[in-house]
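Okay, so here's the structure we're looking at.
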Amino acid sequence: MIFDLIENLVEYNSLNPKIGNGLKKFNEIEIDYNKRFEFDGGYLFFQEGTTTHIDEGTFEAHKKYIDIQIVLDGSEYVAWASIDQLEVDVAYNVEKDVVRLNGNPETTMKINKGMAYICLPHDGHKALKYIDKATNYKKAVIKIEI
């Protein structure tokens, strides 16, 4: 998993050249929480809500897409563990490109407004969490085809 500032995301184009297409689309559109925005090599959407406790829910991982998650307002915690250290809770769903996993986080990071993180296929991640007190968030999620 990669953590960085939003303005540095362009530096990760070498991971996958389609990242540039996603960032370009992100910079061109107005936020709409009810719409999915397609681009060559993936799609993006926006989310808003309130975080849930870090102990709730499962980790997830993806095979067909890299996740770029960008916090636009508020904050969240994200827990990380290598999928090798987690146990499958719900088998991989091809249509939704997600496997649900259980286990303990190896790392937990607070992501504030202006920060982003990139989840690769080996990254089990549990997003939209809090540790001490629930927070509100607004974020963009860019899905990049592998």
Side-chain angles (χ1 to χ4, degrees), residues 1-54 56-84 86 88-103 105-131 134-146:
M1 185 173 287
I2 298 167
F3 300 97
D4 210 331
L5 300 174
I6 294 170
E7 60 265 25
N8 294 334
L9 289 174
V10 68
E11 301 297 327
Y12 299 98
N13 284 343
S14 61
L15 286 175
N16 184 315
K18 297 170 190 170
I19 289 174
N21 296 344
L23 294 174
K24 181 176 183 225
K25 185 63 140 184
F26 170 73
N27 288 317
E28 290 175 349
I29 59 174
E30 290 190 34
I31 295 173
D32 184 339
Y33 292 97
N34 300 308
K35 190 172 180 182
R36 177 173 149 156
F37 300 89
E38 306 283 335
F39 58 86
D40 181 25
Y43 64 94
L44 70 94
F45 58 91
F46 296 93
Q47 297 176 319
E48 63 180 335
T50 303
T51 55
T52 58
H53 194 270
I54 194 80
E56 294 178 31
T58 57
F59 286 84
E60 65 180 53
H62 313 286
K63 293 182 181 182
K64 295 191 299 189
Y65 291 93
I66 295 169
D67 269 5
I68 301 175
Q69 302 203 25
I70 301 170
V71 176
L72 303 171
D73 197 26
S75 65
E76 68 172 293
Y77 278 87
V78 61
W80 173 87
S82 172
I83 60 171
D84 297 342
L86 302 170
V88 173
D89 181 58
V90 178
Y92 179 71
N93 182 316
V94 176
E95 287 180 22
K96 294 182 179 182
D97 184 41
V98 67
V99 59
R100 296 284 175 186
L101 306 152
N102 286 318
E106 291 186 22
T107 301
T108 304
M109 175 96 172
K110 185 175 185 183
I111 311 297
N112 294 307
K113 177 181 177 178
M115 295 177 69
Y117 54 99
I118 301 173
C119 305
L120 300 167
H122 63 273
D123 293 320
H125 54 286
K126 190 192 291 193
L128 306 174
K129 300 300 176 186
Y130 74 86
I131 293 176
T135 58
N136 294 321
Y137 65 87
K138 293 182 179 179
K139 69 188 299 185
V141 178
I142 304 174
K143 298 285 203 169
I144 305 294
E145 293 175 345
I146 296 174

Considering all heavy atoms, the nearest [X]-[Y] contact:
X    : Y    : result
I19  : I68  : CG2-CD1, 4.0 Å
V78  : A127 : CG2-CA, 4.1 Å
A134 : T50  : CB-CG2, 3.9 Å
A61  : H125 : CA-CE1, 4.2 Å

Which residues pass the ring pair (Phe, Tyr, Trp, His ring centres under 6.0 Å) test with F3, sequence neighbours left out?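 Checked F3 against ring pair (Phe, Tyr, Trp, His ring centres under 6.0 Å); zero matches.
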What residues, two or more places apart in sequence or in another chain, satisfy ring pair (Phe, Tyr, Trp, His ring centres under 6.0 Å) together with F26?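 If we apply the ring pair (Phe, Tyr, Trp, His ring centres under 6.0 Å) test to F26, skipping adjacent residues, there are no hits.
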Hey, are the side chains of M1 and M109 touching, using non-hydrogen atoms and a 4.5 Å cut-off?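 Not in contact.
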Does any part of the side chain of I2, heavy atoms only, come nearer than 4.5 Å to the side chain of D123, both counted from C-beta?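 Side chain of D123 against side chain of I2, heavy atoms only: no contact under 4.5 Å found.
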Kindly determine whether H62 and V98 satisfy side chain to side chain contact (heavy atoms under 4.5 Å, CB included), including the steps that lead there. CA-CA 5 Å; H62 313 286; V98 67; 4.0 Å; yes
Gap separating the [atom1] atom of [X] from the [atom2] atom of [Y], nearest 0.5 angstrom:
X    : Y    : atom1 : atom2 : answer
K96  : K64  : NZ    : NZ    : 12.5 Å
L128 : I111 : CG    : CD1   : 11.0 Å
W80  : L86  : CH2   : CG    : 9.0 Å

Excluding sequence neighbours, so at least two apart, what forms side-chain hydrogen bond (donor to acceptor under 3.5 Å, both in side chains) with [X]?
X    : value
N102 : D89
S75  : none
T58  : none

Going through the checks in order, is the side chain to side chain contact (heavy atoms under 4.5 Å, CB included) test met by L9 and I118? CA-CA 9 Å; L9 289 174; I118 301 173; 4.1 Å; yes
Who passes side chain to side chain contact (heavy atoms under 4.5 Å, CB included) against [X], sequence neighbours left out?
X    : result
E56  : T52, H53, K129
K63  : Y92, D97
T108 : I54, Y77, A79, P105, I131
E28  : K24, K25

Sequence neighbours excluded and cut-off under 3.5 Å, please list the side-chain donor-acceptor pairs for residues 139-146, or say none.
from: K139; atom 1: NZ; to: Q69; atom 2: OE1; distance (Å): 2.4
from: K139; atom 1: NZ; to: E76; atom 2: OE2; distance (Å): 2.6
from: K139; atom 1: NZ; to: Y117; atom 2: OH; distance (Å): 3.1
from: K143; atom 1: NZ; to: D67; atom 2: OD1; distance (Å): 2.6

For residues 5-20, pull every pair meeting side chain to side chain donor-acceptor pair (under 3.5 Å), keeping only residues two or more places apart or in separate chains.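 The answer is D4-N8, D4-Y12.
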If we check side-chain contact (heavy atoms from CB on, under 4.5 Å) with K138, which of these qualifies: I70, V71, I31, D73?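 One option only clears the test, and that one is D73.
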Donor-acceptor pairs are to be reported for all side-chain atoms of residues 34-46 against protein atoms at under 3.5 Å, with residues two or more places apart or in another chain.
from: R36; atom 1: NE; to: E38; atom 2: OE2; distance (Å): 2.7
from: R36; atom 1: NH2; to: E38; atom 2: OE2; distance (Å): 3.4

